[in-house]
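Following: one structure in structure tokens, then a few remarks.
Keep in mind that the numbers below use all heavy atoms, side chains included, and drop hydrogens, waters and symmetry copies. In what follows, chains are A, B, ... by sequence order, proteins preceding strands, each numbered from 1.
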Protein chains: 2
Amino acid sequence: MKAFLAAIEPTGQTCADCAVRQFSVCAALDTAEMQEFVHFGRHVQFAACETVFAEEELTTSFYSLLAGVMRLYKLLPDGRRQIVGFSLPGDFLGMSTSGRNNFSADAIGSVEVCRFAKAAFLRFAEDRPHLLHRINELAVRELSQARDHMVLLGRRSAEEKVATFLINWRDRLARQAEPSATLSLPMSRQDIADYLGLTIETVSRTFTKLERDGVIEIIQGGIRLLDPARAEALTAA
Amino acid sequence: MKAFLAAIEPTGQTCADCAVRQFSVCAALDTAEMQEFVHFGRHVQFAACETVFAEEELTTSFYSLLAGVMRLYKLLPDGRRQIVGFSLPGDFLGMSTSGRNNFSADAIGSVEVCRFAKAAFLRFAEDRPHLLHRINELAVRELSQARDHMVLLGRRSAEEKVATFLINWRDRLARQAEPSATLSLPMSRQDIADYLGLTIETVSRTFTKLERDGVIEIIQGGIRLLDPARAEALTAA
DNA sequence: ATTGGCGATTGATACAGATCAAATCCGGCG
DNA sequence: CGCCGGATTTGATCTGTATCAATCGCCAAT
């Protein structure tokens with residue numbers, strides 16, 4: 001599978017050869033600023049299933065995901081879980097108004113992040129409108145995705161949910177690497193269920209149904225989209 | 001009911017006596033900036049059920065809600081609707097990355113907004129980091145609310161949904177006016193259903209059940225929270 | 001090769017909430 | 001005052017998804 005999903009390949013230590021630069025917050029920085037900026041980002045690795053930060057914890061860092069996939073989720077007191085998103089390389093994490101994280105994040109597979117001290121980062125951004133503008137752009141984009149996800153959670157059937165998830169995942173991967181009919185799904189069925197507001201059994205049954213119908217083929221660690229057009233039709237976009 | 005819900009009272013025409021100033025974007029502006037800023041905001045009224053802007057329309061304005069309540073929603077091609085939020089005075093609307101609205105907004109009851117030309121507003125904000133920071137703060141706060149709402153839509157039962165809605169609504173109203181056990185609910189049952197990912201019948205039955213259980217009393221245009229503690233317990237926070 | 005264990009799949013059944021249908025409430029208007 | 005029409009409530013029934021319970025498949029350790 002792709003290197004960015006498994007975090008196999010070493011990532012450069014300087015911003016200059018950063019693989020995700022043009023997708024990340026840093027895209028807003030010019031060369032001179034980058035010189036300065038490089039000093040407060042530190043690369044950190046996380047092993048599969050390690051928690052990068054937890055809900056309610058004080059936010060002391062921002063993170064830019066370099067390689068790997070993360071799940072972002074919230075828990076109810078009784079243990080019910082809602083995954084509010086999956087992060088891919090280039091995503092920026094840690095913004096909050098309250099000073100505490102409003103969700104938890106952990107690694108799916110191994111992950112590499114660039115970690116910034118929050119205070120230093122904010123001081124740096126303070127008088128750089130283009131950087132603020134970039135941060136805002138990322139926040140507003142996420143907000144738009146969040147609203148799309150609300151529609152999915154509140155108003156779509158199980159089959160529509162699964163089809164929508166597969167199509168969106170394909171589109172996100174296509175932004176990272178070559179578009180392909182073969183989709184790597186590094187997250188578990190339980191993760192998918194918690195993302196879609198379903199149970200693991202319903203997700204499994206729906207995958208099986210889509211396979212029976214010739215829409216997908218279930219393969220090790222992912223699926224193959226046999227009939228993308230039909231899958232898109234099933235999303236009731 | 002409260003003036004800000006019904007937009008009965010005339011709202012001042014200058015920023016100086018703006019009722020929502022300290023809650024809105026404008027809170028970030030100093031007196032000098034306000035002098036300049038006042039020139040590109042225009043007060044506009046909308047009657048009950050009028051559409052302020054529609055999804056997919058080009059975004060030409062930003063809006064700061066002055067009085068009244070709005071519903072923000074997305075539609076699926078077959079007419080299913082998901083309300084992604086209700087706006088109260090002080091809320092800022094119109095941010096988008098694509099240049100098009102990613103949801104529709106219409107007035108519930110009559111509404112008054114302060115409308116800004118998008119281009120002029122952006123030019124004004126461009127080199128004012130404190131304003132950009134304020135806009136970002138509002139976006140991040142909304143993002144946090146959006147994630148809370150995902151948990152509700154994906155993982156809560158009908159009763160938990162309704163209880164959560166009532167408690168959240170009470171808390172939002174309390175930020176606008178005196179806290180009170182009597183809640184005005186200007187939106188219809190159908191709106192509530194589309195906000196919670198339920199049907200109108202289920203919402204109605206759940207209200208009735210809460211009333212039978214002595215948690216609320218259903219009154220004209222709203223409810224009375226007879227047992228706030230029990231209601232909070234039902235939210236499964 | 002054999003076993004243990006975990007994630008995924010499959011099957012049987014239950015139930016929360018949807019759907020279909022009717023009754024009731026209530027404000028506006030002749 | 002009485003009638004009309006939309007919103008809401010209530011009732012009866014249906015169904016999609018959850019729940020409960022095996023079973024399967026596959027990798028890793030023995």
Side-chain angles (χ1 to χ4, degrees), chain A residues 1 48-49 71 76 78-83 108-109 152-166 183-213 216-224 234 236, chain B residues 1 6 47-49 71 76 78-83 108-109 152-166 184-213 216-223 234 236:
Chain A
M1 284 298 153
C49 292
R71 70 178 150 251
L76 291 178
D78 63 3
R80 279 175 286 177
R81 183 177 72 157
Q82 176 66 47
I83 291 186
I108 299 179
L152 176 143
L153 290 169
R155 288 299 181 220
R156 291 177 129 99
S157 70
E159 191 174 52
E160 289 168 348
K161 284 176 174 181
V162 170
T164 305
F165 165 66
L166 293 175
L183 305 190
S184 154
L185 296 176
M187 69 293 284
S188 70
R189 291 287 187 271
Q190 185 63 63
D191 288 340
I192 297 173
D194 288 345
Y195 181 62
L196 299 177
L198 298 171
T199 59
I200 186 174
E201 294 95 332
T202 298
V203 170
S204 182
R205 278 186 246 275
T206 307
F207 269 79
T208 304
K209 176 172 188 305
L210 291 176
E211 184 167 51
R212 262 203 319 272
D213 295 351
I216 64 171
E217 184 194 341
I218 300 171
I219 59 174
Q220 203 38 263
I223 60 125
R224 205 181 306 272
L234 287 174
Chain B
M1 283 299 151
C49 293
R71 69 178 150 250
L76 291 178
D78 63 3
R80 280 175 286 177
R81 183 177 71 156
Q82 176 66 46
I83 291 186
I108 298 179
L152 176 142
L153 290 169
R155 289 296 180 222
R156 290 176 131 98
S157 70
E159 190 174 52
E160 289 167 350
K161 285 176 174 181
V162 170
T164 305
F165 165 67
L166 294 176
S184 153
L185 296 175
M187 69 293 285
S188 70
R189 291 286 188 271
Q190 185 63 61
D191 287 340
I192 297 173
D194 288 345
Y195 181 61
L196 300 178
L198 298 170
T199 60
I200 186 174
E201 292 94 332
T202 299
V203 170
S204 181
R205 276 186 247 275
T206 307
F207 269 79
T208 305
K209 176 172 188 303
L210 291 176
E211 184 167 52
R212 261 204 319 274
D213 295 351
I216 64 171
E217 185 193 341
I218 300 171
I219 59 174
Q220 203 38 261
I223 61 128
L234 289 174

Query - Interatomic distance, B:Arg189 CZ vs C:dT24 C1' [rounded to whole Å] - result: 14 Å

Report summary line: Output for pair (A:Ile192 CD1, A:Arg71 CZ), nearest 0.5 Å, gives 11.5 Å

Query raised in the report: What distance separates B:Glu159 CD from B:Lys209 NZ, expressed to the nearest 0.5 Å?
Result: 4.0 Å

Report task. Report yes if some heavy atom in the side chain of B:Leu210 is under 4.5 Å from a heavy atom in the side chain of B:Ile223; otherwise report no. Result -> no

Query raised in the report: For A:Ile192 and C:dA8, what is the distance between atoms CD1 and P respectively, to the nearest whole Å?
Result: 8 Å

Report task. Have a look at the helix from C:dA1-D:dT30 to C:dG30-D:dC1 and give the angle its two end axes make, five pairs each, rounded to 10 degrees. Result -> 30°

Requested in this report: Output yes when a side-chain donor or acceptor of B:Thr164 lies under 3.5 Å from a complementary backbone atom of B:Glu160, and no otherwise.
Outcome: yes

Query - B:Glu211 CD - C:dC25 P separation (whole Å) - result: 13 Å

Query - Summary of protein contacts for nucleotides 10-20 of chain C, nucleotide by nucleotide, where a base hit scores B, a sugar-phosphate-only hit scores S (4.0 Å, heavy atoms) - result: BBB----SSBB

Query - Value in whole Å for how far the P atom of D:dT8 lies from CG of B:Leu210 - result: 17 Å

Report task. Return the set of residues passing salt bridge (Lys or Arg N to Asp or Glu O under 4.0 Å) with A:Arg224 (not counting sequence neighbours), or none when no residue passes. Result -> A:Glu217

Query - Nearest-angstrom distance from the residue atom CD1 of A:Ile218 to P of D:dC26 - result: 13 Å

Query raised in the report: To the nearest Å, how far apart are A:Asp194 CG and C:dG7 P?
Result: 13 Å

Query - Rounded distance in Å - CD (A:Gln220) to C1' (C:dG7) - result: 10 Å

Query raised in the report: Hey, are the side chains of A:Thr206 and A:Phe165 touching, using non-hydrogen atoms and a 4.5 Å cut-off?
Result: no

Query raised in the report: Is it true that a side-chain atom of A:Arg155 and a backbone atom of B:Arg80 form a donor plus acceptor pair closer than 3.5 Å?
Result: no

Query raised in the report: Between the main-chain N or O of B:Ala236 and the side-chain N or O of B:Arg156, is there a donor-acceptor pair closer than 3.5 Å?
Result: yes

Report task. Would you mind reporting whether B:Val203 and B:Tyr195 have side-chain heavy atoms less than 4.5 Å apart? Result -> no

Requested in this report: In whole angstrom, give the distance that lies between atom CD1 of B:Ile219 and atom C1' of C:dG27.
Outcome: 17 Å

